[in-house]
Amino acid sequence: MTFMKFNTKTIHGKQHPDKAYGAVMTPIYQTSTYAQSAPGDHKGYAYSRSKNPTRHALEEAFASIENGEFGLAFGSGLAAIDAIIKLLDPGDEVISTSDLYGGTYRLFTNIFKKWGIKFHFVKMQNAENIANYVTNNTKLIWVETPTNPMMNIIDIKAVAHVAKAHNILLAVDNTFATPYLQQPLDLGADIVMHSATKYIGGHSDLVLGALVVKDKKLAERLYFIQNASGAICGPQDSFLALRGIKTLHVRMQRHCENGKAIAHYLKNHPKVNKVYWPGFEDHPNHHIAKDQMSDFGGMMSFSTKEDSLAGALQILKKFKIITLAESLGGVESLAGHPATMTHGSIPKKEREELGISDSLIRLSVGIEDEEDLINDLKQALG
């Protein structure tokens, strides 16, 4: 059977019993090197930085669930982004989403900017705006959708149209949506990136990044960078990510169900000022989210009417089930304070221009019982 629907792909897509003994789950090949019969005469593996059977199985699974041809696994999501930017040369320009993960912003501005790569941080809610920033040196458009933490929605098809018209690569960070909700390659993107640490792993027990592409030449360039730079993940984390993929569909279904309930509860709470969740009809570009996503996910942010740092910190301290922690996408509900945590590397003025106020709290709604989560929010908000 060559065609599979998504739920089947997570379990069987490009995944096969191990050739050695028929193990249903890919074994952890905890080895750095492999015996050769003669120099260059081996069974496809010579050194684990270049290729490892467990990591290779994960990379095949990545490609399958994103409807791509080639997958690459890295030591973290930032390592995967690092590999993409290494496709560029000094003098090249990147047009990036303005509202994006602070770690990506830090990598762009503090690492690659000094090597002569120019970054334009642009509001992309209207894709036509992007064309105003295109120059002869523009080589990459970087998109997050939904964005972190404001949940802004960007029209991938429309951005892809701009990219193709100017022969520019389009890369999409699909971490928040996951391939369960959104598949950017089918919408015209050239590269999909995931912090697989998040929903793909799903259990807060690994750090890992992923890239998926369709084009063979682009894949070969990225494989070269992966091998040459060496920012690969180990076989243990590869195994855990493979296991996470197998339950991605059932976890995401519950994340979406709980997310909807929590978003509506917060929107109706007298102490909450605004809730940022793409499932609301009045959310900016809701119609685009409805078109390019199959549901609206379990990520959201909210601000309070009091709008103070002290007030936000007090709420975070009161949570009993929801955990104050970095990261997202695990089975447990997590809360974060973007201004001091994930986006602390972005200057305060720029944060506030993006809407990241001191009272903004980001929620990664887990798969616990809906009523328990609402009761936790009720007691924390007071």
Side-chain angles (χ1 to χ4, degrees), residues 1-2 4-77 79-80 83 178-180 192-213 219 222-252 327 329-331:
M1 184 172 63
T2 56
M4 300 178 190
K5 292 187 177 180
F6 185 82
N7 293 358
T8 307
K9 274 187 178 182
T10 61
I11 298 168
H12 299 289
K14 290 194 174 185
Q15 300 181 54
H16 311 283
D18 183 63
K19 292 180 181 179
Y21 298 104
V24 172
M25 279 300 294
T26 305
I28 302 170
Y29 282 90
Q30 195 72 50
T31 185
S32 60
T33 192
Y34 307 81
Q36 302 185 31
S37 301
D41 184 8
H42 51 72
K43 297 179 180 179
Y45 301 91
Y47 185 61
S48 280
R49 171 170 42 78
S50 303
K51 201 173 180 183
N52 173 279
T54 316
R55 190 175 87 234
H56 179 65
L58 174 62
E59 292 173 333
E60 289 284 279
F62 282 154
S64 175
I65 60 176
E66 276 289 6
N67 289 341
E69 295 296 328
F70 307 96
L72 299 91
F74 293 83
S76 68
T178 81
Y180 176 83
V192 177
M193 194 288 299
H194 286 276
S195 173
T197 309
K198 314 302 193 298
Y199 283 108
I200 287 178
H203 295 80
S204 303
D205 56 6
L206 62 90
V207 176
L208 201 143
L211 297 180
V212 182
V213 303
L222 289 166
Y223 281 127
F224 175 83
I225 293 167
Q226 180 194 43
N227 184 49
S229 294
I232 50 93
C233 57
Q236 175 73 33
D237 282 351
S238 298
F239 174 86
L240 290 172
L242 274 166
R243 185 177 66 170
I245 286 172
K246 289 184 183 291
T247 60
L248 177 62
H249 58 300
V250 291
R251 288 186 286 107
M252 287 306 299
S327 200
V331 293

Minimum heavy-atom distance [X]-[Y], with the two atoms named:
X	Y	answer
Val212	Gly68	CG1-CA, 3.8 Å
Leu206	Gly201	CD2-CA, 4.0 Å
Leu211	Ala83	CD1-CB, 4.4 Å
Ser204	Gly330	OG-CA, 3.9 Å
Ala46	Thr33	O-OG1, 3.3 Å
Leu208	Ser238	CD1-N, 4.0 Å

Whether Arg55 side chain and Gly234 backbone form a donor-acceptor pair below 3.5 Å: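 A pair under 3.5 Å: no.
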Would you call [X] and [Y] a side-chain contact if the rule is heavy atoms closer than 4.5 Å?
X	Y	answer
Tyr199	Tyr180	no
Tyr29	Asp18	yes
Thr178	Lys198	no

In Å and rounded to the nearest 0.5 Å, what is the [atom1] to [atom2] distance from [X] to [Y]?
X	Y	atom1	atom2	value
Gln30	Phe239	CD	CZ	11.5 Å
Asp237	Thr54	CG	OG1	11.0 Å
Leu72	Met193	CG	CE	13.0 Å
Phe74	Leu222	CZ	CG	6.5 Å
Lys19	Thr26	NZ	OG1	11.5 Å
Ile28	Asn52	CD1	CG	10.5 Å

Side-chain donor-acceptor pair present, Tyr34, Ser48, cut-off under 3.5 Å: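 Checked: Tyr34/Ser48 side chains pair up, N/O donor to acceptor below 3.5 Å.
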Just distance, no hydrogens or angles: give the donor-acceptor pairs under 3.5 Å from side chains in residues 56-66, sequence neighbours left out.
residue: Glu59; atom: OE2; partner: Ala73; partner atom: N; Å: 2.9
residue: Glu59; atom: OE2; partner: Gln226; partner atom: NE2; Å: 3.0
residue: Glu66; atom: OE2; partner: Asn174; partner atom: ND2; Å: 2.9
residue: Glu66; atom: OE2; partner: His194; partner atom: NE2; Å: 2.7

Indicate every side-chain donor-acceptor pair of residues 242-250 with a distance under 3.5 Å to a residue at least two apart or in another chain.
residue: Lys246; atom: NZ; partner: Ile11; partner atom: O; Å: 2.9
residue: Lys246; atom: NZ; partner: Gln15; partner atom: OE1; Å: 3.0
residue: Thr247; atom: OG1; partner: Gly244; partner atom: O; Å: 3.3
residue: Thr247; atom: OG1; partner: Arg251; partner atom: NE; Å: 3.0
residue: His249; atom: ND1; partner: Thr10; partner atom: OG1; Å: 3.1

